[in-house]
Undergrad: 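Take this structure, written in structure tokens, and hold onto it; I'll ask about it next.
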Amino acid sequence: MATILCVLFPDPEGGYPPKYARESIPAIAGYPNGQTVPTPIGPIGFKPGDLVGCVSGELGLRPYLEANGHKLIVVSDKDGQNSEFDRHLPEADVVISQPFWPAYLTAERFAKAKNLKLALTAGIGSDHVDLGAAAQHGVTVAEVTFSNSISVAEHVVMTVLSLVRNYLPSHEVANYGGWNIADCVSRSYDLEGMEFGTIGAGRIGLAVLRRLKPFDVRLHYHQRHRLSEDIERDLGLTFHPTPQSLVQVCDVVNLQVPLYPSTERMFDDAMFALMKPGSYLINTARGKLCDRDAVVRALKRGTLAGYGGDVWFPQPAPPDHPWRTMPHQGMTPHISGASLSGQARYAAGTLEILQNFLDGKPIRSEYLIVAGGALSGVGAASYGLK
Ligand code: NAD
């Protein structure tokens with residue numbers, strides 16, 4: 001019998017289940033690179049389109065786990081030494097956490113988690129886990145690769161357009177009974193003809209480039225591994241050997257690399273000083289890729305005309321986090337990868353990974369971040385330990 005400790009975000013304030021806007025979601029047959037969608041065995045324990053990422057949704061895991069004699073503990077209280085998460089951690093064989101509501105698995109917590117064998121990210125992005133400590137303790141880290149990549153890419157496109165067109169302030173004018181066109185349009189531009197660049201052109205970054213191509217922007221990218229000549233030609237991409245080179249020519253910059261020690265604070269005062277005045281920066285990767293206060297300074301100075309995204313540090317962000325109130329921002333809580341469509345895939349992928357782990361079968365290498373004491377599978381291509 002295994003103990004699975006699952007940390008999920010709280011239920012809706014209006015109660016669970018919510019009233020859904022739609023009766024179903026489209027079934028996705030596969031991912032753009034040919035990877036198959038999750039393939040758990042047997043019933044998934046929920047209806048696709050249900051809110052399963054919150055406490056009452058339980059990722060739909062309870063029927064399978066209890067039928068197979070395992071114990072499922074679901075908590076949302078996760079921060080501080082006396083949290084419910086901390087109290088249950090010593091007995092957990094598996095910890096499941098979502099990046100939207102991350103249970104930070106620090107070196108101190110690994111020391112307490114004597115039974116822990118698997119840290120499973122229900123979603124993508126395992127930076128809330130100290131990957132070096134996981135490797136040291138022989139804990140496998142896995143995530144549901146590709147499950148919500150397109151969900152995030154859509155959020156990026158939405159944010160680019162919202163910022164450049166000044167959508168959010170104009171919507172506020174409509175909400176509050178106003179009609180001052182000049183106020184609405186004095187910061188509104190067309191995206192057409194602008195230079196757009198992504199730092200990180202993996203699953204999400206490439207999907208963003210593909211989606212923006214029809215807007216007649218000129219496309220740029222920087223990342224560790226260069227894309228194929230075919231992709232570069234099809235999309236008319238300009239490759240930049242450094243992020244510094246990219247930010248000097250782009251009007252809109254998207255940040256889409258994983259967070260690990262050497263990508264932390266990639267955007268600081270020095271990087272902002274290189275950007276074209278009046279640039280836009282979109283970050284749905286991780287909050288700590290940017291120096292928090294340097295972002296605020298860049299907006300106030302006008303280096304940035306807008307900053308948008310959904311990732312913060314810590315999460316949940318405190319009420320006085322300056323990104324809530326800084327000017328010209330299009331921030332949301334961490335939601336881009338948690339659409340009901342994305343949840344259906346990452347919950348099914350979580351079940352697939354759990355089934356393999358509990359049955360002693362290999363976990364797909366595209367889901368592995370750390371295994372056997374080192375970066376492994378997709379983690380070896382995407383992350384660094386330093
Ligand atoms: P990915 O691994 O497919 O792509 C990341 C790319 O960045 C890789 O190609 C990698 O080679 C490249 N890279 C890594 N370090 C680099 C560096 N220092 N310089 C240049 N390139 C570097 O990952 P993905 O699925 O596209 O996701 C990217 C990130 O987005 C995740 O790590 C996660 O942090 C974030 N994410 C956010 C949400 C959300 O809900 N906001 C959801 C999913 C993922």
Side-chain angles (χ1 to χ4, degrees), residues 9 31-33 35 53 97-102 121-129 131 141 143-159 197-211 220-228 231 239-247 253-267 271 282-290 308-313 315 317 331-343 345-346 349 365-369 375-386:
F9 48 78
Y31 299 124
N33 68 350
Q35 184 187 315
S97 176
Q98 299 165 108
F100 324 104
W101 188 258
T121 302
I124 300 171
S126 297
D127 49 278
H128 58 282
V129 179
L131 298 181
V141 182
E143 61 185 45
V144 193
T145 306
F146 237 133
S147 56
N148 57 15
S149 307
I150 303 304
S151 324
V152 180
E154 290 186 1
H155 193 101
V156 173
V157 173
M158 173 187 78
T159 309
T198 184
I199 298 174
R203 281 165 288 269
I204 300 172
L206 180 57
V208 169
L209 290 168
R210 290 193 195 286
R211 278 157 181 72
H220 302 253
Y221 80 103
H222 159 74
Q223 77 160 344
R224 203 196 270 160
H225 308 289
R226 194 156 174 173
L227 294 167
S228 72
I231 296 178
F239 172 74
H240 291 262
T242 62
Q244 287 80 1
S245 144
L246 182 144
V247 302
V253 175
N254 177 48
L255 199 41
Q256 214 73 69
V257 290
L259 174 68
Y260 50 91
S262 58
T263 58
E264 195 170 327
R265 292 180 184 223
M266 183 186 263
F267 276 73
M271 186 72 98
I282 292 62
N283 178 10
T284 57
R286 286 297 178 258
K288 275 211 225 171
L289 293 169
C290 295
D310 67 333
V311 285
W312 312 64
F313 185 81
Q315 291 189 175
M331 293 300 296
T332 64
H334 193 163
I335 58 161
S336 66
S339 60
L340 296 177
S341 323
Q343 285 181 40
R345 291 186 292 274
Y346 72 68
S365 75
E366 63 247 37
Y367 291 159
L368 288 176
I369 303 299
L375 289 174
S376 175
V378 79
S382 299
Y383 286 82
L385 289 180
K386 295 188 176 137

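One-based numbering, in listed order, for ligands and for the atoms of each.
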Undergrad: Would you mind checking which non-hydrogen protein atom is closest to atom 42 (C) of ligand 1, with the distance to 0.1 Å?
TA: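 For atom 42 (C) of ligand 1, the nearest protein heavy atom is Val152 CG2, 3.2 Å.
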
Undergrad: For atom 1 (P) of ligand 1, what is the nearest protein heavy atom, given as residue, atom name and distance?
TA: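 The protein heavy atom lying closest is Arg203 NH2, 3.4 Å.
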
Undergrad: Contact between ligand 1 and Gly123 is defined here as a heavy atom of the residue under 4.0 Å from a ligand atom; is it met?
TA: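 No, Gly123 has no heavy atoms under 4.0 Å from ligand 1.
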
Undergrad: Under 4.0 Å from any heavy atom of Ile124, which atoms of ligand 1 are there?
TA: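 Near Ile124, the atoms of ligand 1 are 43 (C), 44 (C).
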
Undergrad: Could you tell me if any non-hydrogen atom of Leu259 lies under 4.0 Å from any atom of ligand 1?
TA: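 No, that is not the case, since the closest heavy atom of the residue is not under 4.0 Å from the ligand.
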
Undergrad: When you measure from atom 14 (C) of ligand 1 to every protein heavy atom, which one gives the shortest distance, and what is it?
TA: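 Going by distance alone, atom 14 (C) of ligand 1 is nearest to Ser382 O, 3.3 Å.
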
Undergrad: With heavy-atom distances below 4.0 Å as the criterion, list the atoms of ligand 1 near Tyr260.
TA: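 So the atoms of ligand 1 that pass are 14 (C), 15 (N), 16 (C), 17 (C), 18 (N).
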
Undergrad: Nearest to atom 29 (C) of ligand 1 by heavy atom, Gln256, His334, Glu143: which?
TA: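 Nearest option to atom 29 (C) of ligand 1, by heavy atoms: Gln256.
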
Undergrad: What protein heavy atom is closest to atom 21 (N) of ligand 1, reported as residue, atom name and distance in Å?
TA: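 The closest heavy atom on the protein side is Arg224 N, 3.0 Å.
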
Undergrad: So do Arg203 and Val378 actually touch side chain to side chain, heavy atoms under 4.5 Å?
TA: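 Val378 reaches Arg203 side chain to side chain.
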
Undergrad: For Gly125, does its backbone N or O pair with a side-chain atom of Glu143 as donor and acceptor, under 3.5 Å?
TA: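 Yes, because the side chain of Glu143 sits within donor-acceptor range (under 3.5 Å) of the backbone of Gly125.
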
Undergrad: Say whether, by atom type as modelled, one donor and one acceptor occur between the side chain of Trp312 and the main chain of Thr332 under 3.5 angstrom.
TA: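 Yes, Trp312 side chain to Thr332 backbone: donor-acceptor pair under 3.5 Å.
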
Undergrad: Looking only at non-hydrogen atoms, find the nearest pair between Arg345 and Val144 and report the distance.
TA: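 Distance-wise, the nearest heavy atoms are O-CG1, 4.1 Å.
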
Undergrad: Any idea which atoms of ligand 1 are less than 4.0 Å away from a heavy-atom of His222?
TA: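 Those qualifying, in numeric order: 19 (N), 20 (C).
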
Undergrad: Should you measure from each heavy atom of Thr284, which atoms of ligand 1 turn up under 4.0 Å away?
TA: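 Counting atoms of ligand 1 from 1, those under 4.0 Å from Thr284 are 35 (C), 36 (N), 37 (C), 38 (C), 39 (C), 41 (N).
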
Undergrad: Which is it for Pro99 and ligand 1 at heavy atoms under 4.0 Å: side chain, backbone, both or neither?
TA: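 Neither part.
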
Undergrad: Pick, from Ile199, Asn148, Ile204, Val311, the option with the minimum heavy-atom distance to atom 26 (O) of ligand 1.
TA: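 Nearest heavy atom to atom 26 (O) of ligand 1 lies in Ile204.
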
Undergrad: Heavy atoms, side chains only, cut-off 4.5 Å: are Thr263 and Pro258 in contact?
TA: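 A side-chain contact under 4.5 Å is absent here.
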
Undergrad: Contact between Leu206 and Gln223 at the side-chain level, heavy atoms closer than 4.5 Å - yes or no?
TA: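 Leu206 vs Gln223: side chains apart.
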
Undergrad: For ligand 1, which part of Phe146 has a heavy atom less than 4.0 Å away: the side chain, the backbone, both, or neither?
TA: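 For Phe146, no heavy atom sits under 4.0 Å from ligand 1.
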
Undergrad: Closest approach of Phe146 and Gln35, non-hydrogen atoms and distance?
TA: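 Answer, listing the atom of Phe146 first, then Gln35: CD1-OE1, 3.8 Å.
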
Undergrad: Does a donor on one side chain and an acceptor on the other come within less than 3.5 Å for Thr145 and Glu366?
TA: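 No - no donor-acceptor pair under 3.5 Å links their side chains.
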
Undergrad: Say whether, by atom type as modelled, one donor and one acceptor occur between the side chain of Arg286 and the main chain of Tyr260 under 3.5 angstrom.
TA: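 Absent.
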
Undergrad: Donor-acceptor pair, Gln256 side chain versus Ala201 backbone, under 3.5 Å?
TA: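 Looks like no, no N/O pair under 3.5 Å.
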
Undergrad: Which of the atoms of ligand 1 are close to His225, meaning less than 4.0 Å from one of its heavy atoms?
TA: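 Here the atoms of ligand 1 in question are 11 (O).
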
Undergrad: What are the atoms of ligand 1, with element, lying closer than 4.0 Å to any heavy atom of Gln223?
TA: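 Close to Gln223: 6 (C), 7 (O), 8 (C), 9 (O), 10 (C), 11 (O), 12 (C), 20 (C), 21 (N).
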
Undergrad: Are the side chain of Tyr383 and the backbone of Ser126 linked by a donor-acceptor contact shorter than 3.5 Å?
TA: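 Present.
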
Undergrad: Check each of Gly202, Gly287, Ala285, Gly200 against atom 34 (O) of ligand 1 and report the one with the nearest heavy atom.
TA: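 The residue whose heavy atom sits nearest atom 34 (O) of ligand 1 is Ala285.
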
Undergrad: Pick one of side chain, backbone, both or neither for how Thr145 approaches ligand 1, counting any non-hydrogen atom pair under 4.0 Å.
TA: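 It is neither part, as no heavy atom is under 4.0 Å.
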
Undergrad: Using a 4.0 Å cutoff against the non-hydrogen atoms of Val257, which atoms of ligand 1 qualify?
TA: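 Per the distance check, 7 (O), 13 (N), 16 (C), 20 (C), 21 (N), 22 (C).
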
Undergrad: Give the numbers and elements of all ligand 1 atoms closer than 4.0 Å to a heavy atom of Thr263.
TA: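 Those of ligand 1 that fall under 4.0 Å from Thr263 are 18 (N).
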
Undergrad: Are any non-hydrogen side-chain atoms of Phe267 and Ile199 less than 4.5 angstrom apart?
TA: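 Heavy-atom side-chain distance check passes, below 4.5 Å.
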
